[in-house]
Amino acid sequence: MNPLLWPVRSVANGLGLAWWARVQTRSPDAVYWFGPFLRRSTLEAALVPFLADLRSEAPGSIEHQLLRTQRGEPLTEAADLG
């Protein structure tokens with residue numbers, strides 16, 4: 001991600017216009033939020049290596065959704081994190 005675009009991404013996120021990927025795994029049960037992105041196509045391209053990295057950890061399953069939303073911390077939600 002280009003660091004010069006962070007202010008623009010931050011504004012887009014604050015307005016709920018940023019693109020995020022919600023990635024859910026089973027075994028372990030976790031939800032990962034990947035973003036923010038200004039364009040869906042940029043998110044789709046960046047998501048490929050992110051999903052490959054998750055697959056290398058051999059979860060039971062991986063599902064993802066692309067959403068235009070506002071998001072903040074935490075970016076990882078896991079059953080064992082509380």
Side-chain angles (χ1 to χ4, degrees):
M1 289 187 195
N2 183 340
L4 298 175
L5 291 178
W6 272 111
V8 178
R9 286 187 187 114
S10 180
V11 169
N13 186 46
L15 295 172
L17 300 174
W19 284 97
W20 287 85
R22 182 183 185 276
V23 182
Q24 185 169 359
T25 63
R26 296 282 181 223
S27 298
D29 293 344
V31 174
Y32 303 93
W33 288 92
F34 185 65
F37 289 87
L38 296 176
R39 296 185 326 199
R40 181 183 174 120
S41 61
T42 307
L43 169 57
E44 290 171 338
L47 188 59
V48 173
F50 181 78
L51 292 175
D53 185 49
L54 280 179
R55 284 188 188 98
S56 72
E57 298 175 14
S61 68
I62 298 177
E63 297 177 8
H64 71 276
Q65 297 174 300
L66 304 183
L67 306 167
R68 199 167 215 183
T69 188
Q70 179 183 21
R71 191 65 204 152
E73 297 289 339
L75 298 179
T76 302
E77 306 164 11
D80 61 349
L81 293 178

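A quick note: this is a predicted structure, and the numbers were derived from the prediction, not measured. The residues of the chain are indexed from 1 along the displayed sequence.
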| field | Gap between atom CG of Leu15 and atom CD of Gln70 - 0.5 Å precision | value | 8.0 Å

| From CA spacing to verdict: side-chain contact (heavy atoms from CB on, under 4.5 Å), Ile62, Tyr32 | CA-CA 11 Å; Ile62 298 177; Tyr32 303 93; over 6 Å; no

| query | Which value, rounded to the nearest 0.5 Å, describes the distance between Glu44 atom CD and His64 atom NE2? | reply | 8.0 Å

| query | Between Trp20 and Leu75, is any pair of side-chain heavy atoms under 4.5 Å apart? | reply | yes

| request: Please report the closest heavy-atom contact between Thr25 and Pro59, naming both atoms and the distance. | output: CB-CB, 4.0 Å

| remark: To the nearest 0.5 Å, atom CD of Glu63 lies from atom CZ of Arg26 at 7.0 Å

| request: Examine Leu66 and Leu38 and state if one hydrophobic cluster contains both, with Ile, Leu, Val, Met, Phe, Trp and Tyr joined whenever side-chain heavy atoms are less than 4.5 Å apart. | output: no

| query | Looking only at atom types and distance, does a side-chain atom of Asn13 sit under 3.5 Å from a main-chain N or O of Val11, one as donor and one as acceptor? | reply | no

| said: Would you say Leu54 ends up clustered with Val31 if hydrophobic residues are merged whenever their side chains have heavy atoms under 4.5 Å apart, either directly or through other cluster members? | reply: no

| query | Which atoms form the tightest heavy-atom contact between Trp19 and Arg39, and what is the distance? | reply | CD1-C, 3.7 Å

| query | What is the minimum heavy-atom distance between Arg22 and Leu67, and which atoms define it? | reply | CB-CD1, 4.1 Å

| message | Can a donor-acceptor pair be found, under 3.5 Å and without considering hydrogens, that links the side chain of Arg9 to the backbone of Phe37? | response | no

